[in-house]
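Right, one structure below, let's go through it.
So that the names make sense, note that chain A is the first sequence line, chain B the second, and so on, each numbered from 1.
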Amino acid sequence: MPKRPTDLRRLLLVLLGLATLSALALPWNLSVFTSADAFLAAWSRLGNYLAAFGAPDLSGEMVGNVLSLMLETLAVAVLGTALGLLLAYPLALLAARCIVLGEEQRSGAGGALRRVVLEVCRFVLDALRGVPDFLWAIVLVPLTGINATTGVLALALSVAGIYGKVLSEQWDNIDPQRYQALRSTGASRLTVFLYGIQPLAARAMQSFVLMRFECAVRNASVIGVVGGGGLGTALWDHYTDSRWDGVVTILFGLLLLTTLTDLGANFARRQLRVDPNHPHQAAGGSRQAVARRRGVLGVAVVAMIVGAIVVLWSQLSNAATELRRVEWQFLADFTTGLAIPDLGLDTLWSVVRHATVPLAIGVIATIAATLLASALAYPGSVAFQLDAFRFTGERLGPAARTLRWLTLLGTKGIALVMRGVPEVAWVVVLGVFFQIGVTPCVAAVALHSTGVLQRVFTETLDNVPYTALEKVSHARRPGIFLYGALPRALPDWRTYAFFQFEVNVRAGIALGIVGAGGLGHMFDFNLDWREYSTASSFLWAMVLLTVGIDRLSRWLQLRRLRC
Amino acid sequence: MPKSTIFSAAAALLTLFACLPSCTSEAAPRELRFSVLPDFHKTETDKNAATLAERLTQKLGMPVKYLRANDYTGAVNNLISNKIDFVWLGGKTTVDAIDAGKGHVRVLATRDVDLAFKTYFIANADVIAAGRIGPLTDLADLKSKARDLTFTFGDKNSTSGHLMPRHFLTQAGIDPDQAFKVAGYRESGSHGATLEAVVSGEVDVGALNYGHWEKADAATKSKAPVIHTTPPYVDYAWVGHDRIGKELLGRITATFLELDPDNADDRAILDAWGVKERFLAAENSQWDSIRQVRDSLPKGFLK
C-alpha cells in the first residue's frame with residue numbers, strides 16, 4: 001500500500017494517465033448521449049426489452065427445461081473444475097520452484113534440465129490460462145461437437161492454467177524455514193512436499209479452489225453460446241430467435257444458479273473456517289468438530305463429481321463417438337494450423353493494435369469497478385452495519401437497526417445480481433441501450449467485476465479483527481472505517497483489483513466475439529475465414545498478454561489471492 | 001522397464017490413436033447425416049431439418065439424421081471432419097467447403113432462386129424520416145452519409161449478409177470498416193437478427209438475404225424499408241463429400257431433384273427451403289465467381 005502521500009499521488013496520476021490513454025484507444029459509440037432524442041429512443045428500446053422481463057415463459061415445459069439445464073450447467077462446472085484440478089496438479093508440481101529445484105544450488109546438466117522443465121511447465125500453464133474458456137470451446141467444438149462435454153473440456157483447460165499457476169505459487173510462497181525440520185531428516189523433496197509444504201498451503205488452496213469453482217459455474221452458464229451445452233446454448237437459441245419470454249426465464253434460472261452457488265460457497269467457507277475468535281464462527285469450534293465438518297464436505301465434493309458424471313453420461317459418450325468419427329487429416333490440419341502463427345509484419349502490427357482493445361477494456365472497467373466496489377463495501381459490510389456496536393459501543397433503536405439491515409441486504413443484493421449475471425449476458429441487455437460496439441462491453445465488464453470485487457472487498461473489511469477497530473477511539477462508524485479498517489484492507493484491495501484487471505483483460509478478449517472487437521474478434525474472424533495462421537497469431541497474442549500481465553504483477557510484488 | 005519397451009508401447013499407442021479416427025470412416029455408411037447452415041430462426045430450422053430427414057429416410061431407404069451446426073464455420077467443419085455426409089451451405093461456405101475438401105467435396109443441388117440471389121440494404125424508418133439516409137440507386141451515394149450511421153452485416157461467413165454487400169460497397173469505393181460510425185456483424189448468424197436490429201433502431205442500416213426480408217410481415221417491412229438492392233449472384237447449395245461414394249451422392253442429388261412441387265409433402269419441404277419450383281442440378285464451377293470475389297476482396301478486415 002502507498003505509505004506516503006506522494007506515493008498515493010503518483011499512483012493516482014498513473015491510474016488517471018492509464019484511464020485516459022485507454023479511453024482514447026477505444027472506438028466509443030456514445031451517440032446515445034449526443035441528443036435528447038437519441039437518449040429517449042435508447043430508453044424506449046430498453047423499455048420494450050425490459051417489458052419482457054415482466055412476462056417470463058413460465059409454462060411447465062419451459063420451467064422443467066430450465067431446471068434440467070441448471071443441473072447440466074452445474075454438472076459442467078463441477079466436472080470442469082475437477083478435471084482442471086486433476087490436470088493442474090502435476091503441472092503445478094513441475095512448475096513449483098521448491099519442488100523441482102529445491103533449496104540446494106544445482107549445477108550441470110541435471111540442474112539445467114530441471115530449469116527447462118520448470119519454465120516449460122510454467123509456460124504451458126500460462127498458455128492454458130491465457131486463452132479464455134470461451135475461445136477454448138470454439139477451438140474444441142469441431143472435434144467434440146456441440147454438447148456439454150465441450151464445455152467441460154474448455155473449462156477444464158482454462159481452469160487448469162489458473163489452478164496450476166496459483167497452486168505452484170502458493171507452494172513457493174511457504175517460507176522454507178517452516179518445513180526445515182522435515183528437510184533436515186533427509187526426506188526426499190516429494191516427501192517434503194506431501195508432509196511439509198502441501199499441508200501448510202492447504203487452507204489457501206481450499207479457499208482458492210472454491211473461489212474458482214464459483215467462477216466456473218458462471219462461465220459454464222454462458223459457454224453454451226459457443227457450443228458448450230448447459231444454459232448458455234438455450235439462452236443463445238432463444239436470444240437469436242428473439243423469444244424474449246424464454247430469454248427471461250433462462251436469465252432468471254441463470255441468476256438463481258449463480259446465487260445459490262454464491263451462497264453455497266459461503267456456507268462451505270464457514271464450515272472450513274477455524275478462527276475460534278470470529279463472532280460468526282459456525283457452532284462447535286473444537287478440532288474434532290472442524291474435522292467432522294471437513295469430512296462431510298469432502299464426501300459432498302465426491303458426491304457432486306459422481307453426480308456430475310451421471311448427469312452428463314450420455315453427452316460424454318456422445319462426444320466420444322463424435323471424436324472417433326473425426327478424420328485424422330482434419331485434426332492434423334486444424335491443430336497444426338492453429339499452432340503455427342503468421343509472423344508477417346502486417347499481422348504483427350494488427351496483433352499489437354488489436355491487443356490494445358482488451359487492455360483498454362481491462363483498465364477502464366477495472367478502475368470503474370474498483371471505485372464502485374469501494375463505495376459499496378462499507379454499506380455491504382456486516383462489521384459496519386450489524387456489528388458496529390461491538391466496537392463503537394453505540395446503542396441503536398429498532399428503526400435504526402432495521403435501516404442497517406436494509407442497507408446491508410440491499411447492497412449485498414445489488415452486488416449479487418451484478419456478479420451473478422455473466423459479462424456476456426450483461427452485453428445482451430446493455431447492447432440494446434448502447435447499440436453494438438465497445439461501449440456495452442466495457443459497461444458489462446465493469447458491472448460484473450464490481451459485483452465480484454464488492455464481495456472480496458467486503459470480506460477483507462469484515463475480516464479486520466474488531467479489537468483493532470476498538471482502538472480508533474472517539475470516532476463514529478465512518479471515522480473508524482477511514483482510519484481503522486481501510487488502511488488494513490487497502491493492500492488486499494489493491495491486490496484483488498490488480499488480479500481483477502487480468503481477469504477483465506481476458507473478459508475483454510472473450511467479449512470481442514460479441515461486439516467488443518479486438519483480439520477475440522480477430523481470432524474468431526480469421527478462424528471463420530479459415531486463415532488459421534493469422535488466427536494463430538492472435539491466439540499467441542492472448543497468451544503473451546497474460547504472461548506480460550503476470551510478470552508485471554510479479555514485478556509489482558503482488559501476491560496472487562484469487563482468480 | 002527397459003527403454004525399448006517404453007518406446008514400442010508408445011509407438012503402438014500412437015498408431016492406435018492415428019488409426020482410430022480414420023479406420024472407422026472407410027466402410028460404407030449405414031446411416032447418413034447432414035447439417036444445415038444456421039442462418040435463420042433456429043427452432044424453425046431444426047423443425048424443417050427434422051421433416052427433411054424423415055422424407056429423405058423414406059426416399060433413400062436408409063436412416064438419415066440431422067446434426068445441428070453451431071455456426072457457419074461449424075457447418076463446413078462438420079462436413080470436412082466427417083461428422084456429416086452432406087450439408088446445406090451458403091455461397092461462400094460452399095466455396096470454403098470445396099477448397100477445404102481438397103477435391104472430395106462437390107455441389108449436389110441448388111435452388112432455382114440461388115442462381116440470381118440478391119442482398120437488400122435496409123434502413124431504420126426513423127433514420128429515413130430524419131433525412132439521414134434515403135433510397136440509393138447508386139450505392140456510392142452512401143459514402144457521404146455513412147459517417148453518421150451505424151451499420152451491420154450479417155454473419156461474418158454469410159454470402160448475402162457479408163461477402164457480397166462488402167464486395168459491392170468496395171466496388172462503390174466505400175470501405176465499410178472506415179466509412180461508417182460503427183460497422184459490426186450479427187454474431188447470431190441469423191438474418192432475422194439483422195432485420196430486428198434495424199427495426200428496433202439498435203443499428204441504422206443493415207445488409208441481409210433478400211428472401212428473409214420478403215418473408216417478413218408488412219409492419220416489420222415498413223419499419224425497415226429497403227434502400228438498395230444489389231446485382232444478382234450465386235448463393236446457397238447442397239454440398240456433399242465423396243467419402244460415402246459417388247453412387248450414394250448421386251442418389252442424394254436425385255432425391256432432391258425429384259422433390260415434386262405438386263406433391264403436398266414435397267411442397268412443404270420446398271417451401272420450407274424457400275424453393276420457388278424445384279431444386280436444380282449444379283456443378284462446382286458455378287460457384288467460381290464467388291471464390292473469385294472471396295479471394296480478391298481486400299482483406300483489411302482480417303488484419
Side-chain angles (χ1 to χ4, degrees), chain A residues 27 29 31 37 41-42 44-45 48-49 138 141-143 145-146 225-227 233 236-243 322-331 333-334 344 346-347 349-351 353-354 431-433 435-438 513-515 517 521-522 524-531 534, chain B residues 17-25 33 38 41-44 46 67-74 76-78 80-84 92 96 99-100 102 126 130 148 150 152 155-157 181-182 184-190 192-193 196-197 200-204 243 294 299-303:
Chain A
N29 172 22
S31 58
D37 280 353
S44 90
R45 277 202 305 272
N48 286 340
Y49 189 82
I138 291 180
V141 152
L143 309 176
I146 310 171
V225 168
V226 284
T233 305
W236 197 239
D237 281 359
H238 283 79
Y239 173 69
T240 52
D241 283 359
S242 310
R243 282 142 67 197
E322 292 287 326
L323 200 57
R324 262 201 301 278
R325 276 187 74 117
V326 171
E327 271 185 13
W328 181 242
Q329 188 59 44
F330 172 81
L331 196 66
D333 289 352
F334 188 66
D346 55 340
T347 304
W349 172 230
S350 157
V351 164
R353 270 185 301 128
H354 287 102
V432 178
F433 184 83
Q435 305 195 313
I436 53 171
V438 85
I513 61 174
V514 290
H521 169 72
M522 293 313 288
D524 190 42
F525 209 149
N526 278 284
L527 202 60
D528 269 3
W529 275 62
R530 313 187 85 77
E531 299 284 350
T534 320
Chain B
F17 190 64
C19 195
L20 259 180
S22 50
C23 287
T24 47
S25 65
R33 306 213 297 178
H41 202 277
K42 280 184 184 158
T43 323
E44 205 111 312
D46 289 350
L67 182 76
R68 202 180 204 209
N70 209 42
D71 54 21
Y72 287 46
T73 316
V76 176
N77 284 340
N78 279 353
I80 306 306
S81 67
N82 188 30
K83 284 184 192 281
I84 54 170
K92 177 188 176 281
D96 285 348
D99 293 354
K102 297 174 182 165
D126 294 338
D148 299 318
T150 54
T152 188
D155 191 276
K156 296 182 287 245
N157 258 334
K181 186 161 63 183
V182 179
Y185 303 86
R186 295 285 104 186
E187 299 304 336
S188 65
S190 155
E196 190 150 330
S200 75
E202 191 191 328
V203 287
D204 301 328
R243 66 169 79 81
R294 183 197 69 183
K299 294 294 189 311
F301 57 92
L302 286 177
K303 293 276 165 85

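- Side-chain N or O atoms of B:Lys303 include none that pairs as donor or acceptor with a backbone N or O of A:Met522 at under 3.5 Å.
- The part of A:Val225 that comes within reach of chain B is its backbone (N, CA, C, O), which places non-hydrogen atoms under 4.5 angstrom from that chain.
- Both the backbone and the side chain of B:Lys83 come within contact range of chain A, each with at least one heavy atom under 4.5 Å from a heavy atom of that chain.
- Separation of atoms CG (A:Asp528) and CG (B:Asp96) is listed at 9.5 Å; rounding is to 0.5 Å.
- Using a 4.5 Å cut-off between heavy atoms, A:Thr534 touches chain B through its side chain atoms alone.
- Distance check: B:Asn82 CG to A:Trp328 CH2 gives 15.0 Å after rounding to the nearest 0.5 Å.
- Taking the six-membered ring for Trp and thresholds of 30 and 60 degrees, A:Phe525 and B:Phe301 have ring planes inclined between 30 and 60 degrees apart.
- There is no side-chain donor-acceptor pair under 3.5 Å between B:Asn157 and A:Arg530.
- Between chain B and the residues A:His238, A:Arg243, A:Glu322, A:His521, the most heavy-atom pairs under 4.5 angstrom are made by A:Glu322.
- Each of A:Ile513, A:Leu527, A:Val351 has some count of heavy-atom pairs under 4.5 Å with chain B, and the biggest count is that of A:Ile513.
- Taking chain A as the reference chain and counting heavy-atom pairs below 4.5 Å, the highest number among B:Ser200, B:Ala193, B:Ala197, B:Ser190 is found for B:Ser200.
- In terms of heavy-atom pairs under 4.5 angstrom with chain B, the leader among A:Pro142, A:Pro27, A:Ala41 is A:Pro142.
- Between the CG atom in A:Asp37 and the CG atom in B:Asp126 there is a gap of 10.0 Å [rounded to 0.5 Å].
- Between chain A and the residues B:Glu44, B:Lys181, B:Glu196, B:Lys92, the largest count of heavy-atom pairs under 4.5 Å involves B:Lys92.
- With respect to chain B, the highest number of heavy-atom pairs below 4.5 Å among A:Val514, A:Thr233, A:Val226, A:Ile138 belongs to A:Val226.
- Every residue two or more places apart in sequence or in another chain that forms a salt bridge (Lys or Arg N to Asp or Glu O under 4.0 Å) with A:Asp237 is listed here: B:Lys42, B:Arg68.
- When heavy atoms are compared at a cutoff of 4.5 Å, A:His354 approaches chain B solely by way of its side chain, counted from C-beta outward.
- Separation of atoms NZ (B:Lys299) and CD (A:Glu531) is listed at 7.0 Å; rounding is to 0.5 Å.
- The most heavy-atom pairs under 4.5 Å with chain B, out of A:Phe330, A:Trp529, A:Trp236, come from A:Trp529.
- Of the inter-residue distances, the one linking B:Leu302 atom CG with A:Asp346 atom CG reads 11.0 Å to the nearest 0.5 angstrom.
- Here the closest non-hydrogen pair linking B:Thr43 and A:Asp241 is OG1-OD2, 2.6 Å.
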